Amino acid sequence: MNMKLEDLGWDGVFMAHFERFHEEGLAPGRIAREERDLYGVYWQGGEVMAEVSGKMRHDAGSRSDLPAVGDWVAMHVRPGEGRGTIHAVLPRKSSFSRKEAGVHTEEQIAAANIDTVFLVTGLDRDFNLRRIERYLTLVWDCGASPVIVLNKADLCADVAARVEQVEAIAFGVPIHAVSAVTGGGVEALRLRLSRGKTAALLGSSGVGKSTLINALLGAERQAVRDVRASDGRGRHTTTRRELILLPGGGALIDNPGMRELQMWTDEDGLSGTFADVEEIAAQCRFRNCKHQSEPGCAVRQAIAAGALDAGRLRGYQKLQRELRHLERKQSEKARLAEKAKWKKIAQQARKTNKYGTEARY
């Protein structure tokens, strides 16, 4: 099955990055999924399973240097075998990243080369404004445009009130209230998916991403499961990231539900989400005001006057603390890496000097 690369998002920018690889006889492809050490890759000849070359894996400084779903890559294809070897990742125009779950300070790329991010939350017991703020903070720094999708409108008694709550924290971000089950509002989302464009779906477990994808595709492609009745918590249906081709061109990147969304951004992302808090904070008497008991605190005054929600300030301060902790961890990791590099250089120098000295005798 032949494919048109333009339907997958191939454009002049990627073509320019690929020129030198074309001269080497390599072919462009886009990562559709990852399966352990193999990648499913779409290319003009259809789909192949490919592995990363030994040199590329050796030269990778971190996990983020290796292919992620949505990446464009340069690869050698063996069509008769349906296999290929990936030699390089083309520069990304955008990527949604988070800190890898656990204790390691590593970047995990959830989706690469995306134009739109659908931030999906449920209008059932999953509804959480602070979580929406967290997602928005990460998306503002990724190079793609956010769209908030409030799913399960059929289970909400007052959809308009929920939309109004989200509007108060989203500042012009498009908001769609939909029901993936009944199909209500889905067509408006479909209009945002066009040929050559890529959208990523992000959200916690149980918000209905798989059901939403089926509604957008008009086919039962993704397996779905009900949320637990006891607590309304979702069960993981999607177990891997996957780039899904749309009938009219373009693509969707589905992600497993995220129970733990750790920050991987900077203060710019925070400013994009909390512009209202920072605008008020700029009026505080002291530049380093912590908005606790300092005199002349404009933020506390705004909360007392009902102009700012206290929960919004708590969310802002919580993310600030996380970002500062992340910055310290990143700095420490960089320091240790630099120390290890110079230790290795020193060891090599001593080894060279030792053998050089012996050679003179």
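Just so you know, these numbers use all the heavy atoms, side chains as well, and skip hydrogens, waters and symmetry mates. It should be emphasised that the depicted structure is a prediction, and the values quoted were computed from it without experimental measurement.
A donor-acceptor contact closer than 3.5 angstrom is absent between the side chains of S293 and R300. Between the side chains of R92 and N113, no donor-acceptor pair is found at a separation under 3.5 Å.
Taking the six-membered ring for Trp and thresholds of 30 and 60 degrees, W10 and F18 have ring planes more than 60 degrees apart, a perpendicular arrangement.
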Test R83 against L38 for side-chain contact (heavy atoms from CB on, under 4.5 Å), laying out the working first. CA-CA 10 Å; R83 301 296 286 266; L38 288 176; 3.5 Å; yes
Step-by-step side-chain contact (heavy atoms from CB on, under 4.5 Å) determination, L245 to D7: CA-CA 9 Å; L245 302 182; D7 287 346; over 6 Å; no
Can you check side-chain contact (heavy atoms from CB on, under 4.5 Å) on V277 and L308, steps first, answer last? CA-CA 8 Å; V277 178; L308 180 68; 4.1 Å; yes
Criterion side-chain contact (heavy atoms from CB on, under 4.5 Å) on V173 and V147, from CA distance to verdict: CA-CA 6 Å; V173 175; V147 173; 5.5 Å; no
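Under a 3.5 Å cut-off, the side chain of D276 and the backbone N or O of E279 do not form any donor-acceptor pair. Side chain of R190 to main chain of A215: a donor-acceptor pair is present (N/O by atom type, distance under 3.5 Å, no hydrogens or angles). Side-chain atoms of S194 never come within 3.5 Å of backbone atoms of K197 as a donor-acceptor pair (strictly under, hydrogens ignored). For the pair R30 (side chain) and D71 (backbone), a donor-acceptor distance under 3.5 Å is absent. The backbone N or O of K290 lies less than 3.5 Å from a partner atom in the side chain of Q317, making a donor-acceptor pair. In this structure, the side chain of N151 does not engage the main chain of G122 through any donor-acceptor pair within 3.5 Å. Between the side chain of S94 and the backbone N or O of I114 there is at least one donor-acceptor pair closer than 3.5 Å.
Between H176 and R192, some side-chain heavy-atom pair lies under the 4.5 Å cut-off. Looking only at side-chain heavy atoms (C-beta outward), T121 and N128 stay at 4.5 Å or farther from each other. Using a 4.5 Å heavy-atom cutoff, the side chains of Q283 and Q301 are not in contact. A heavy-atom distance below 4.5 Å is found between the side chains of C142 and V139. Residues E51 and D37 fail the side-chain proximity criterion, which asks for heavy atoms closer than 4.5 Å. Using a 4.5 Å heavy-atom threshold, the side chains of L66 and V89 count as separate. Side-chain contact between R312 and R130 is present, with at least one heavy-atom pair separated by less than 4.5 Å. Looking at E294 and R285, their side chains never come closer than 4.5 Å, going by heavy atoms from C-beta outward.
Within a 6.0 Å sphere centred on CD of E164, other residues, nucleotides and ligands contribute 12 heavy atoms or fewer.
Y42 and M15 fall within the same hydrophobic cluster, where Ile, Leu, Val, Met, Phe, Trp and Tyr residues are linked whenever their side-chain heavy atoms come under 4.5 Å apart, directly or through other members. In the hydrophobic cluster analysis, where Ile, Leu, Val, Met, Phe, Trp and Tyr join through side-chain heavy atoms closer than 4.5 angstrom, L26 is grouped together with M3. Taken together through direct or relayed side-chain contacts under 4.5 Å among Ile, Leu, Val, Met, Phe, Trp and Tyr, L212 and L217 form part of one hydrophobic cluster. The hydrophobic clustering, which links ILVMFWY residues whose side-chain heavy atoms are closer than 4.5 Å, places Y135 and I175 together. Linking ILVMFWY side-chain heavy atoms closer than 4.5 Å, directly or via other members, places V163 and L155 in two distinct hydrophobic clusters.
Interatomic distance, E187 CD to L216 CG, rounded to the nearest 0.5 Å: 9.0 Å. One distance of note links CG of L129 with CG of D309; it measures 8.0 Å at 0.5 Å rounding. In this structure, CD in E242 is found 11.0 Å from CG in N255, a value given to the nearest 0.5 Å. Taken to the nearest 0.5 Å, the CD1 atom of I148 stands 5.5 Å off from the CD1 atom of I132. To the nearest 0.5 angstrom, W72 atom CH2 is 12.5 Å from W43 atom CH2. For the atom pair CZ of R63 and CD1 of I109, the computed distance is 8.0 Å after rounding to the nearest 0.5 Å.
Comment: E23 does not engage R20 in a salt bridge, judged by the lack of any side-chain N to carboxylate O separation of less than 4.0 angstrom. A salt bridge does not link D126 with K152: every distance from a Lys NZ or Arg NE/NH1/NH2 to an Asp or Glu carboxylate oxygen is 4.0 Å or more. Of the charged side-chain nitrogens involved, none lies within less than 4.0 Å of a carboxylate oxygen, so that R314 and E133 do not count as a salt-bridged pair.
Across every non-hydrogen atom of I31 and A68, the tightest pair is CB-O, 3.4 Å. The two residues D115 and G196 come nearest to each other via the heavy atoms OD2-O, 4.3 Å. Taking every heavy atom of both residues into account, M56 and A88 meet most closely at SD-N, 3.7 Å. Closest of all the heavy-atom pairs between V159 and A177 is CG1-CB, 3.6 Å. Of all heavy-atom pairs between C156 and R162, the closest is SG-CG, 3.8 Å. When all heavy atoms are compared, the tightest approach of V299 to C284 is N-SG, 3.9 Å.
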